[in-house]
S.K.: 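Before I ask anything, here is the structure I am working with.
Only this structure's heavy atoms are used, side chains among them; waters, hydrogens and symmetry mates stay out. Residue numbers begin at 1 in each chain, while the letters A, B, ... track the order of the sequences. On a predicted model such as this, the values are computed, not experimentally measured, just so you know.
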2 protein chains.
Amino acid sequence: MDIFQKTGKVAIGSRLRLLTAKVTEDASKIYEMYHVDFSPKWFPVFFVLSEDGEKTITEIAEQIRHSQPSVTKIIKEMSGAGLVKGNQKSDDKRRNVVGLSKKGTQLAETLRIQTKDVELAVEGLMAESTNNLWEAIAEWEFLLQKKSLFKRVQEQKKLRESANVEIVEYEPKYKTAFKQLNEEWISNYFEIEETDSKALDNPEKSILEKGGEIFVALYENEPLGVCALIKMDDPDYDFELAKMAVSPKAQGKSIGLKLGQAVIEEARKQGAKKIYLESNTILTPAINLYYKLGFEKIVGRATPYKRCNIQMELRLK
Amino acid sequence: MDIFQKTGKVAIGSRLRLLTAKVTEDASKIYEMYHVDFSPKWFPVFFVLSEDGEKTITEIAEQIRHSQPSVTKIIKEMSGAGLVKGNQKSDDKRRNVVGLSKKGTQLAETLRIQTKDVELAVEGLMAESTNNLWEAIAEWEFLLQKKSLFKRVQEQKKLRESANVEIVEYEPKYKTAFKQLNEEWISNYFEIEETDSKALDNPEKSILEKGGEIFVALYENEPLGVCALIKMDDPDYDFELAKMAVSPKAQGKSIGLKLGQAVIEEARKQGAKKIYLESNTILTPAINLYYKLGFEKIVGRATPYKRCNIQMELRLK
DNA sequence: ATCATTTACATAACTGATTATGCAATATTA
DNA sequence: TAATATTGCATAATCAGTTATGTAAATGAT
């Protein structure tokens, strides 16, 4: 049985490689059949030169999507075979302007006929198949340019992993996690302040007993993110979203988003009208997350934290 | 503008190569993302080992359609990474039976999850395209196995070239061609006999004036093939097909077939019932051609040629 | 005008594959 | 049972590409 049926589509790379090898192997035999002293790998270079006349090495490389050294080498080989002339006159002495030689131009004519034969053979293959390989490749090129395979896999990973993230309410066993996760990022960017320690050392007293909530994100039963909803003593705001912390090793699982959503949900349940938060603009991903959650920037409130340079609020309807 | 739009489908090899490169480039980044110390090229080997348990190097190579040295090298690398154990006990000391190590088996579990993510990403790509790349490749593999690309191009070439072959009646200007083409192949396989020279030196007298015909195949106005229809002085046969000669440099243009058809057509026109010919079985392509033209083997006629070891006839209705 | 930066290319080193080749171990055959 | 052929694998050489790096020429900034 064919191995690719078993591996599934992960092996698309290997499968592509094998087909490529088979096709290029035949390519050199085909040139032999036409008795032309020509290496298949020269084709793209030769083609652009016969189409566009003279060109520099780099221009060719860009057009055929090879690396520049690859084109340099090919031109050298073709030069040896007498098909191209390099170092044409040019004002810029760095540039190596190459063009087809007389022999090259003659060969172009021969190759045109051969090209036609190959074209017909390939089209015959297309006609025999129900899925058009040529078009399929073109579509992949287009789609991968819009979003790379890497990015696509990353998204799948995130999707799967975020499905395994569970948001639970605070329990005493998460006390150390709550402290450590917060200290980790704070100390990474700033100094830990007096106000921090007070809240982190005794969340029960400083947050829960005052009517707040703490949510913990579990991934495979390990607490990897926390976020608090703190009751505010302020006529303008009901709650503050604070102490949001996600372990760096758990990036990309949408944990922050899920915590934020849980916090907002809870605030809404308790009939809150507005939630407040403060942060620092160097924490770009966090700020983006807050915007995503619906928070908007505000100005002018007093804050006990030195590190705060942005304040936001969310109006709940 | 994309270069492949200009080149047309001859460049399918180059295009495949580029796509393969793009896919495999992302592959290694994907492994990195999952924090596994794993090279993409190991995948096929790793896969068969995790599926089938222990295997020899050659078995793996066959299954994943790599060369044996390639597998040897990969196994060595994977061995270095502690993923496989080689030289398992085996009666046959030439064989290197390899299997996954404990670490390898553990990794298989991790990779299973990653594989799933990639699979979904690839399927997403398929879903976004109208031409299914995976299926298209499978179809090409199947079609190319039935008939290689080389063979297909060869057929196109033949088709095109045979369209340029023109069969004309003998004229004095083809006298030397008639002689040379025949002498070329005869002297190549046998000795030129007395009977040959007589006919070749003076075709007008020995063939045409006796009511026979000679046809000449022109390719780009050059005579590259000849064939004679010789009137026989025999109650059983009207004509003999003889002096068929095609230049070796004109192989693959169906010149022999066209000449044969012209000769038969002429015989039919003249009301012939049976055509005779003699040849030698070492000339396999010629014999095959005669069968293709409808000739059948007969036995027992006398012949002036030493080299003749097969006799054939064609009954015309 | 001078100095730093960028550009254009060549060269070197590497990569993932291949074919060619050599050497044991095993199987086959006279 | 000895000679010969085949098998299984490792090693070496090659190939078509790549990235990294060096260098001279041109361009830009102060």
S.K.: Tell me whether the OP1 or OP2 atom of C/dA10 has a side-chain N or O from A/Asn96 closer than 4.0 Å.
M.R.: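 Affirmative; the distance criterion is met.
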S.K.: Can you sort out the partners of B/Phe43 under ring pair (Phe, Tyr, Trp, His ring centres under 6.0 Å), two or more places apart, ordered by chain and number?
M.R.: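 Once residues adjacent in sequence are excluded, the partners of B/Phe43 under the ring pair (Phe, Tyr, Trp, His ring centres under 6.0 Å) criterion are B/Phe47.
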S.K.: Sequence neighbours excluded, which residues qualify as salt bridge (charged side-chain N to carboxylate O under 4.0 Å, His left out) partners of A/Arg17?
M.R.: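 Residues passing salt bridge (charged side-chain N to carboxylate O under 4.0 Å, His left out) with A/Arg17: none at all.
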S.K.: Taking only nitrogen or oxygen atoms into account, show me every contact under 3.5 Å that the protein makes with nucleotides 23-25 of chain C, one pair per line with its distance.
M.R.:
from	atom 1	to	atom 2	distance (Å)
C/dA25	N3	B/Arg94	NH1	3.4

S.K.: Return the value, rounded to whole Å, for the distance between atom CD of A/Glu62 and atom P of C/dT7.
M.R.: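 Those two atoms, CD and P, are 11 Å apart.
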S.K.: Let me know which of A/Leu107, A/Ile74, A/Val84 forms a side-chain contact (heavy atoms from CB on, under 4.5 Å) with A/Phe46.
M.R.: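 Answer after filtering A/Leu107, A/Ile74, A/Val84: A/Leu107.
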S.K.: Using salt bridge (charged side-chain N to carboxylate O under 4.0 Å, His left out) as the criterion, list what pairs up with B/Lys9, not counting sequence neighbours.
M.R.: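 Once residues adjacent in sequence are excluded, the partners of B/Lys9 under the salt bridge (charged side-chain N to carboxylate O under 4.0 Å, His left out) criterion are A/Glu123.
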S.K.: Might you list the N or O atoms of the protein lying below 3.5 Å from N or O atoms in nucleotides 16-20 of chain D, with each pair's distance?
M.R.:
from	atom 1	to	atom 2	distance (Å)
D/dA16	OP2	A/Lys41	NZ	3.2
D/dG17	OP1	B/Arg17	NE	3.3
D/dG17	N7	A/Lys73	NZ	3.4
D/dG17	O6	A/Lys73	NZ	3.4
D/dT18	OP1	A/Ser67	N	3.4
D/dT18	OP2	A/Ser67	N	3.2
D/dT18	OP2	A/Ser67	OG	2.6

S.K.: Please list all pairs passing the ring pair (Phe, Tyr, Trp, His ring centres under 6.0 Å) test where one or both residues lie in residues 61-84 of chain A, with sequence neighbours left out.
M.R.: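 Those involving residues 61-84 of chain A do not exist here.
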S.K.: Taking only residues two or more places apart in sequence or in another chain, which ones pass salt bridge (charged side-chain N to carboxylate O under 4.0 Å, His left out) with A/Glu25?
M.R.: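 Counting only residues at least two positions away or on another chain, A/Glu25 forms no salt bridge (charged side-chain N to carboxylate O under 4.0 Å, His left out).
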S.K.: How many Å lie between CZ on B/Arg95 and P on D/dT6, as a whole number?
M.R.: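 Interatomic distance, CZ of B/Arg95 to P of D/dT6: 19 Å.
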S.K.: With B/Glu139, which residues qualify under salt bridge (charged side-chain N to carboxylate O under 4.0 Å, His left out), at least two apart?
M.R.: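 None.
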S.K.: Answer with base, sugar-phosphate or nothing: what part of the nucleic acid does A/Thr24 contact at a heavy-atom distance below 4.0 Å?
M.R.: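 Nothing: the residue A/Thr24, judged by heavy atoms under 4.0 Å, touches no strand.
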S.K.: Apply ring pair (Phe, Tyr, Trp, His ring centres under 6.0 Å) to A/Trp42 and list each qualifying residue two or more places apart in sequence or on a separate chain.
M.R.: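 Testing A/Trp42 for ring pair (Phe, Tyr, Trp, His ring centres under 6.0 Å), a comparison that skips the adjacent residues, returns A/Phe38.
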S.K.: Taking CD1 from B/Ile60 and P from D/dC9, how many angstroms apart are they, rounded to a whole number?
M.R.: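 Interatomic distance, CD1 of B/Ile60 to P of D/dC9: 9 Å.
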